[in-house]
Amino acid sequence: MDWTWYLFRFDGRINRALLWQALLIVALLAGLLEIAGQVIGIVGGTRSTLKLGIELDFDFGLDDLFKLVDPRASHSRASTDLATAILKTSGMALFFWIYLATAVKRLHDRNRSGWWISPFFFIPGLFNQFSDLLPKSSWMLSLNLAAALLWLWGLFEMFCRSGTSGHNRFGPDPLLEIDDSAASPAPPAKSWDQSREIEIVPPSASPPGGMHVKRGA
């Protein structure tokens, strides 16, 4: 498999198993970055213990992404030490790109445009970040419910539903490609060429019968 295409490009289709695999890859990378950040904190004297753990997040750990556009979160970012901030920002950029690349290809597998990532991911995320700024009223419950339903719809659409069968406008069926590679026929066995194995020679140069089998052929 072309891992560069799989994790970083937006063309083509992937099945749901590869999206789950990308989720596990990001979880492992996030765990490693978390350990690296804790080690930096121990060396710098800002923490004294090391905590190990891996979390599965269907948003690929990108909840903090929406804090970047929230001025209220600037104070917490300013209080973070430089090394941890650089590590966290680099990891978030990497995870965001992997999420977009794999999610868009999964939407292609469902025969949907990549722009569907907006109602499935960006709109619920932005609403959750800024919902506390909206006025408290009776229609807030409806907005909360709509945002939650959009997120659940996207979760079900990308992680649970099978792709469209056969070729669609975004490319061939990834499952058919896997089946074709698994069912590729073995090379045919070499047939015995009787004319090459047996030759007729003059009687004077051969045993009686004028026929013999070539040795070592």
Side-chain angles (χ1 to χ4, degrees), residues 1-40 52-69 82-126 150-151 153-187:
M1 180 171 59
D2 185 349
W3 288 87
T4 301
W5 168 82
Y6 168 44
L7 294 177
F8 300 106
R9 288 176 55 182
F10 297 86
D11 58 294
R13 300 165 59 181
I14 61 172
N15 56 35
R16 52 192 165 182
L18 289 180
L19 186 62
W20 280 98
Q21 180 177 272
L23 178 66
L24 293 175
I25 290 172
V26 167
L28 290 174
L29 291 176
L32 292 175
L33 283 179
E34 179 66 23
I35 292 173
Q38 293 180 39
V39 170
I40 292 174
L52 303 179
I54 294 178
E55 296 181 0
L56 282 180
D57 187 345
F58 289 105
D59 286 334
F60 283 50
L62 296 174
D63 297 331
D64 291 340
L65 176 69
F66 301 102
K67 294 180 181 179
L68 296 177
V69 294
L82 181 60
T84 302
I86 293 175
L87 195 65
K88 189 170 185 178
T89 303
S90 302
M92 186 184 302
L94 175 64
F95 302 157
F96 179 55
W97 193 274
I98 292 176
Y99 172 75
L100 281 183
T102 53
V104 165
K105 288 195 287 287
R106 181 80 257 270
L107 287 169
H108 289 172
D109 193 40
R110 293 286 305 141
N111 203 24
R112 294 185 182 275
S113 167
W115 288 107
W116 276 90
I117 201 68
S118 296
F120 289 162
F121 174 71
F122 288 107
I123 291 177
L126 288 172
L150 280 175
W151 185 84
W153 181 17
L155 178 68
F156 180 71
E157 187 77 15
M158 292 190 293
F159 284 92
C160 301
R161 298 196 67 184
S162 59
T164 54
S165 179
H167 194 285
N168 68 15
R169 56 185 170 142
F170 298 105
D173 190 338
L175 292 179
L176 290 181
E177 291 181 341
I178 295 174
D179 293 340
D180 291 342
S181 61
S184 57

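All values below come from the heavy atoms of this structure, side chains included, with hydrogens, waters and symmetry mates left out. In this text the structure is predicted, and so the values were computed from the model without any measurement.
- Listed for the W5 side chain is a donor-acceptor partner under 3.5 Å among the backbone atoms of D11.
- Minimum interatomic distance between M158 and A103 (heavy atoms only, all atoms of both residues): SD-CB, 3.8 Å.
- Without hydrogens or angle criteria, H108 side chain to R13 main chain gives no donor-acceptor distance under 3.5 Å.
- For residues 96-108, the salt bridge (charged side-chain N to carboxylate O under 4.0 Å, His left out) pairs, not counting sequence neighbours, are R106-D109.
- Between F159 atom CZ and L19 atom CG the span is 4.0 Å, to the nearest 0.5 Å.
- Note: W116 and F120 have tilted aromatic rings, judged against thresholds of 30 and 60 degrees for the angle between ring planes.
- Here the side chains of L87 and L33 are in contact, with some heavy-atom distance below 4.5 Å.
- Put simply, CZ on R9 and OG1 on T4 are 8.5 Å apart, with the number rounded to the nearest 0.5 Å.
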Sequence neighbours excluded and cut-off under 3.5 Å, please list the side-chain donor-acceptor pairs for residues 90-98, or say none.
from, atom 1, to, atom 2, distance (Å)
S90, OG, I86, O, 2.8
W97, NE1, F8, O, 2.8

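- Residue T102 comes nearest to A22 through the heavy atom pair CG2-CB, 3.8 Å, listed as atom of the first residue, atom of the second, then distance.
- Inter-residue side-chain proximity for R16 and S162 is flagged as met; some heavy-atom pair is nearer than 4.5 Å.
- Residue S165 holds its OG atom at 8.5 Å from CG of L175, rounded to the nearest 0.5 Å.
- Side-chain atoms of Y6 do not come within 3.5 Å of backbone N or O of I14 as any donor-acceptor pair.
- Each of W153, F66, W151, W115 was evaluated against F121; a single residue qualifies, F66, per the ring pair (Phe, Tyr, Trp, His ring centres under 6.0 Å) test.
- To the nearest 0.5 Å, atoms CD1 (I117) and CZ (F10) are separated by 10.0 Å.
- Judged as a salt bridge (charged side-chain N to carboxylate O under 4.0 Å, His left out), the pairs with a partner in residues 154-164 (not counting sequence neighbours) are, in order, R110-E157, R112-E157, E157-R161.
- In this structure, the side chains of F170 and L107 stay at 4.5 Å or more apart for every pair of heavy atoms.
- In this structure, the separation between CG on L150 and OG on S118 is 11.0 Å, given to the nearest 0.5 Å.
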